[in-house]
Amino acid sequence: MPFHFQFRRYRLPLRVSVRTAHEIWTEREGIIVRLQDEQGAVRFGEIAPIPAFGTETVDAAEEACRLIGEWPAERQLREIPQELGCVRNGVNAALGELRLGAAEAVKTDNVARAVAALLPAGRPAMEQAKSRAESGFRTFKWKVGVADIGDELALLDDLCAVLPAGSKLRLDANGAWDRRQAERWLERCAERPIEFVEQPCFASASLGPRAVQRVEDALLGLAHDYPTPLALDESLVRDGDVERWIGRGWPGWYVVKPTLLGDVNGALARLKAVRATVVFSSALETALGARAALTAALSWDGEPKALGFGVWPLFKDGRFDGPLAAPFCRPEDVARIDPEAVWNALN
Ligand code: MG
């Protein structure tokens with residue numbers, strides 16, 4: 001018996017724009033999929049690509065949804081091409097939940113995970129850090145690689161000075177630096193409370209295999225040369241990326257945005273097998289996709305690191321937000337997310 005497959009594309013303005021080294025986000029585009037099985041059970045998934053990371057575009061994802069058609073067989077849903085990783089993610093999420101049954105969809109072990117507070121780029125980070133610290137956050141993430149390197153390095157000490165004792169600061173360069181710039185930062189980080197530096201350098205696959213190889217070699221070199229851990233983020237969006245970095249002996253951390261991975265369970269099983277240090281992170285998806293991503297994060301039984309989900313309120317329309325950023329995330333916060341409400345809000 002075929003499934004009933006439907007999808008709705010969304011374009012949601014953000015409450016406050018998010019600036020990274022790649023781009024300024026003023027809205028989020030993606031697709032919500034709805035899948036109904038022969039018994040009438042309904043589950044949802046989210047397709048939230050980030051093309052700047054090397055995923056498919058939303059247009060390509062929409063075309064793929066159209067090709068799936070309204071009454072696909074299960075085989076069709078399982079044979080979505082590798083290069084459409086975000087489509088596979090969204091469809092697999094819905095299909096996986098149908099196969100598991102509702103009760104097992106969200107684990108409810110009584111764990112609370114710390115959440116990292118996301119700080120804006122530049123000097124506005126100071127005020128935000130102070131207010132987030134007052135509300136109890138102790139892990140902070142600052143976007144760097146956005147302004148002049150000298151100005152940002154000068155701000156680093158000011159920012160560290162406003163953080164409570166024992167706090168950890170993550171720096172996310174979104175691949176903005178060349179090797180020399182990364183070295184300047186890593187020299188500076190060595191004696192400061194920097195938990196890790198995320199994606200100091202990056203070359204997207206569109207630049208060709210030689211550029212990618214050169215940057216990957218540089219990342220490995222930097223990871224060996226400096227005491228501050230490095231973390232991969234942009235480097236981990238295609239099927240096989242996790243496996244390739246494991247194969248290269250990556251000594252650093254892995255930032256996993258579950259929403260961007262075609263085969264989340266496969267990638268996490270591999271990371272677990274090598275006892276990798278994993279940080280789960282938002283892809284600025286809606287609450288619906290975040291529910292699946294947070295479920296994966298709360299089920300991870302490796303060393304817990306603060307979750308990179310301190311992003312809400314994110315959307316102008318609060319119906320698409322996940323639980324408001326708080327210093328801890330609990331399974332009941334995730335269980336409260338109602339996927340159908342997100343779907344209905346797009347009507
Ligand atoms: Mg990042």
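Counting starts at 1 for both ligands and their atoms, following the listed order.
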| Taking the N/O/S atoms of Glu198 one by one, which is nearest to the Mg ion (ligand 1)? | OE2

| note | Which atom of Asp233 is nearest the Mg ion (ligand 1), counting N, O or S only? It is OD2

| said: For Arg238, I'd like to know if atom CZ has over 12 heavy atoms of other residues, nucleotides or ligands within 6.0 Å. | reply: no

| said: Taking CZ in Arg75 as the centre, count heavy atoms belonging to other residues, nucleotides or ligands within less than 6.0 Å. Is the count above 12? | reply: no

| message | Within 2.8 Å of the Mg ion (ligand 1), is there any N, O or S atom belonging to Asp172? | response | yes

| Should the pair Arg170 and Trp142 be classed as cation-pi, given the thresholds of under 6.0 Å to the six-membered ring centre and 45° from the axis? | no

| Does one side chain, of Glu285 or Ser282, offer a donor that lies under 3.5 Å from an acceptor on the other? | yes

